[in-house]
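Working notes, beginning with the structure itself.
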There are 2 protein chains.
Amino acid sequence: MSAPPHEARPTGPGRALPDTQQGMRRRNLARVMHAVSAEGPLSRAAVASHIGLTRAAVSTLVDELIRTGLIEELGPERPGRVGRPGSALAVSGRGPAGIGAEIGVDHLAVCAVDLRGEVRARAVRHGTNRGRAPEPVLRELTGLVRRVVADAEREGLWPAGLAVAVPGLVGRDARTVVRAPNLDWHDVDLGALLPGEFPLTVDNEANFGGLAELWLGADTPRDFLHVSAEIGIGAALVVDGSLLRGTRGFAGELGHVPVHPDGPDCGCGSRGCLEQYAGEEAVLRAAGLELGEDRVGLLARRAADGDEEVRRALREAGTALGVALTGALNLLDPEAVVLGGALAGLAPWLLPSLESELARRTAGPPCPVSVSRLGPEGPLLGAAHSVVRAVLDDPAAVAGRG
Amino acid sequence: MSAPPHEARPTGPGRALPDTQQGMRRRNLARVMHAVSAEGPLSRAAVASHIGLTRAAVSTLVDELIRTGLIEELGPERPGRVGRPGSALAVSGRGPAGIGAEIGVDHLAVCAVDLRGEVRARAVRHGTNRGRAPEPVLRELTGLVRRVVADAEREGLWPAGLAVAVPGLVGRDARTVVRAPNLDWHDVDLGALLPGEFPLTVDNEANFGGLAELWLGADTPRDFLHVSAEIGIGAALVVDGSLLRGTRGFAGELGHVPVHPDGPDCGCGSRGCLEQYAGEEAVLRAAGLELGEDRVGLLARRAADGDEEVRRALREAGTALGVALTGALNLLDPEAVVLGGALAGLAPWLLPSLESELARRTAGPPCPVSVSRLGPEGPLLGAAHSVVRAVLDDPAAVAGRG
DNA sequence: CTAATTTGTAAACGGCCATGACGAAATAGT
DNA sequence: ACTATTTCGTCATGGCCGTTTACAAATTAG
């Protein structure tokens, strides 16, 4: 018997729960979880003042969360001020875990993250997946998942769900890979090919990278654009703390924004798309390099070595990116732009031309552009954390399991 | 004593109410209002099954709404089927009213809309406002508002709030006009210049036009782009039934999306912005016409008369619009594009080139482009309805007043 | 060592929706 | 015409949930 799928991508604490007393209760449980999770160890009284309920109400909520193993009582706080010291509460390190997986072009990776946000187990397999059929790849991925789950269970965790990051477009059902050019996959239903023991969510790697930035970034705002690139160039649009997905789930296709409308033909049918100027293939071609393994690393090394041809190619890519981003900034007015994925490693050579292009084309103060500190880890962490967030968003839904 | 400002632009039924029984009650009151408002006359039992509460609970909610004058009992329904007929409920036509106002380049307009969505009073003053100082314009507008309010009050309505549509950028405080090029206004705080008797909201005319389309359009989806143009070209981005405003409130600036990055200089500092190809001035220049009054009407007449120069200018504007929209569609993946405002009147000559450009640049089925049936009335109606929606979204907040 | 302060819990209270029963008002069947 | 059936609106009851109030416990300030 497979577990029921968790609510498709909840966007906030306890959204869409019915407006009845039970729904209220569930939302308040979620608020307690969020407060304890975000603000570190907290006493019941502190939680109460954070979320605006009374100490008595919080007491019963916390009791329930402790009974279900989602919260732990750490013991009395060290008293620094007058009054009886509170008893510190923290989210449990032995409860549910989020299993994140990433299907990259050159690797597979899986990790388990506990409610505290710590990575408690991981497994990686290197080797290209380009052009391989979905079935063998997913069999391999399943093997890694089982290993990570076993490791996590040895530490007292149980898997609350699996989230898979894919380098391609994912339908709004959060299961189907509609198109993944780098893998040459089309309309692959991952739900049918992965273990059904726990709830599954599939999403674009740019989206999960953006969520990781939102949840784990140092001072990432709640409105930003997260740009990431492998062969394609994708963006995660985070608006008011949640992802903008679009009707079909295809939002954020920055790579096919027209940069020079009469430019070279693009595989998408259009002409002069950003991808023709800043995509991996285009940059390699402009730099006079061959395609091969670890293409991004190669570019970075050559650029660092002072290869002027490579540097010029990257400068021009940055300029094109700047043009496309100008359009996006005019449309979305975000608070920041974050470069993630492969772009993070090439940032030193992309940023100057990108930023000067933005400055040139923006009237007021230009939108700040920063580089993700998560780098290539973003999508994997975002995937795992998305499961953790789902638990925080509705702890009652998880209480029965485990 | 002025009324408290209503919650800044609520986005959905009863968002952000505290999770306590009172908040639950308020949300349920809102759900009853929405059901009755949207689904026409409804019996208590029908409301109950619509919103998922029991008949008993709905009874008490309806009693409260009747007491506060927001809902009226129309009397027994004509029984078509077996069983005791219900008593039809409808939102009141004599309760609160939304006052909408529009500051256009060539006119001022004010109207009052009741909870049923009917326009119950209106006032218009023609004459250009281009280059006039804010104070006299707003004095004039205040006069119109007072007249409309007086008319509405004669019909048993009372003003629940004033919403003003402006042809320019509005800050997130929903009071300040940051920049309105057509009026030559900068950083004007409308809150200080308009009567403080009722809650005030100010927004971009494109945004209010988009909301009107969302609320009043025949079968407008919950995800669409509403493009409108006077001198500037603005877009309202409706995502999942609510407006995307951006951090500073400047989202939707389609007019400054780069179309030809090396094109002619634009006032914004960039080059080749959409506005340089599809803006009113650019089109008039391309058509070899002078600037003057009723410029859009002139273009439409000439085009209808078969003026080939004008038609070519509009075709090229449509093409440029298509390029910019391609970018927007790739980023946002909406369900539809709606042309409103001045563009609606020129649609016959813009649409062919626009749609062929979209078709050329889109891989899958192209995003459908339609024309607003509200036309130039959109922003005014959207403004008035935004106040009505605020009442529907939290009827309890309004209960005390009036 | 006492007063003050803060924490956590327990009992009483009040608000709110669900449940179940009932009268009212219509139709359907005999 | 009369009864059975169905549906509507309401009332009384009960359970759930957060609040209020009170109190014991644990710490600091003086």
Side-chain angles (χ1 to χ4, degrees), chain A residues 14 17-32 35-36 39 41-67 71-90 395-396 399, chain B residues 14 17-32 35-36 39 41-67 71-90 395-396 399:
Chain A
L17 289 173
D19 252 317
T20 160
Q21 287 118 318
Q22 290 152 49
M24 183 171 78
R25 181 78 174 175
R26 285 172 72 170
R27 278 188 298 272
N28 282 333
L29 287 169
R31 291 169 70 193
V32 171
V36 173
E39 312 290 332
L42 240 48
S43 69
R44 290 168 174 77
V47 171
S49 69
H50 265 81
I51 67 179
L53 296 182
T54 59
R55 299 201 308 274
V58 169
S59 257
T60 72
L61 290 164
V62 166
D63 283 352
E64 190 170 335
L65 291 169
I66 289 181
R67 267 202 313 281
I71 277 192
E72 282 174 359
E73 192 136 23
L74 299 182
E77 286 174 329
R78 202 168 316 283
R81 51 198 185 293
V82 60
R84 169 179 167 179
S87 176
L89 302 169
Chain B
L17 289 173
D19 254 317
T20 159
Q21 289 121 317
Q22 291 152 47
M24 183 171 77
R25 180 75 174 176
R26 285 172 71 172
R27 279 189 297 272
N28 282 333
L29 287 168
R31 292 168 70 193
V32 171
V36 173
E39 310 290 332
L42 240 49
S43 69
R44 290 169 174 76
V47 172
S49 69
H50 264 82
I51 67 179
L53 297 183
T54 59
R55 300 202 307 275
V58 170
S59 258
T60 73
L61 290 165
V62 166
D63 283 352
E64 190 170 334
L65 291 170
I66 289 180
R67 268 202 313 281
I71 277 192
E72 282 174 2
E73 191 135 23
L74 299 182
E77 287 174 328
R78 202 169 315 284
R81 52 201 183 288
V82 62
R84 170 179 167 179
S87 177
L89 303 170

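Throughout, a chain's letter reflects where its sequence line sits, starting with A, and its residues are numbered from 1. These numbers come from the heavy atoms of this one structure, side chains and all, not from hydrogens, waters or symmetry mates.
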Quick note, salt bridge (charged side-chain N to carboxylate O under 4.0 Å, His left out) partners involving residues 45-64 of chain A, not counting sequence neighbours, are A/R25-A/E64
Would you give a per-nucleotide map of nucleotides 19-30 of chain C, 5' to 3', where B means the base has a protein non-hydrogen atom under 4.0 Å away, S means only the sugar-phosphate does, and - means neither?
B---BBBBS---
In Å, rounded to the nearest 0.5 Å, how long is the span from CG of B/L61 to CD1 of B/I66?
11.5 Å
Go through it in stages, so that I can follow the logic: the residues are B/L89 and B/V62, the test is side chain to side chain contact (heavy atoms under 4.5 Å, CB included), and I'd like the CA-CA distance, side-chain angles, deciding distance and then a yes or no.
CA-CA 9 Å; B/L89 303 170; B/V62 166; 3.8 Å; yes
Can you tell me the distance, in whole Å, between the CZ atom of B/R26 and the C1' atom of C/dC17?
18 Å
Distance check needed: C/dC16 P versus B/I51 CD1, whole Å only.
15 Å
Where chain A begins and ends its contact with DNA chain D, read 5' to 3' at 4.0 Å from heavy atoms:
D/dG15 to D/dT28
Verify the contact: side-chain N or O of B/N28 to OP1 or OP2 of C/dC17, cut-off strictly under 4.0 Å; return yes or no.
yes
Which residues share a side chain to side chain contact (heavy atoms under 4.5 Å, CB included) with A/S87, sequence neighbours left out
A/R44, A/E73
From CZ of B/R25 over to C1' of C/dG15, roughly how many Å is that when rounded to an integer?
9 Å
Indicate the atoms forming the closest heavy-atom contact of A/Q21 with B/M24, along with that distance.
N-SD, 3.7 Å
Note: contacts of residues 60-67 of chain B with DNA chain D (heavy atom, under 4.0 Å) are none
Got a sec, which residues hit side chain to side chain contact (heavy atoms under 4.5 Å, CB included) with B/E77, two or more places apart in sequence or on another chain?
B/S43, B/R81, B/A88
Rounded to whole angstroms, how far apart are CD on B/Q21 and P on C/dC17?
9 Å
So, with a heavy-atom separation below 4.0 Å from DNA chain C, the residues of residues 41-49 of chain A are A/S43, A/R44, A/A45
Which residues share a side chain to side chain contact (heavy atoms under 4.5 Å, CB included) with A/T54, sequence neighbours left out
A/A56, A/A57
Tell me whether the OP1 or OP2 atom of C/dG8 has a side-chain N or O from A/S59 closer than 4.0 Å.
no
Show the nearest heavy-atom pair for residues A/L42 and A/A35, with the distance to one decimal.
CD2-O, 3.8 Å
For the residue pair A/V47 and A/V36, establish whether any side-chain heavy-atom pair is separated by less than 4.5 Å.
yes
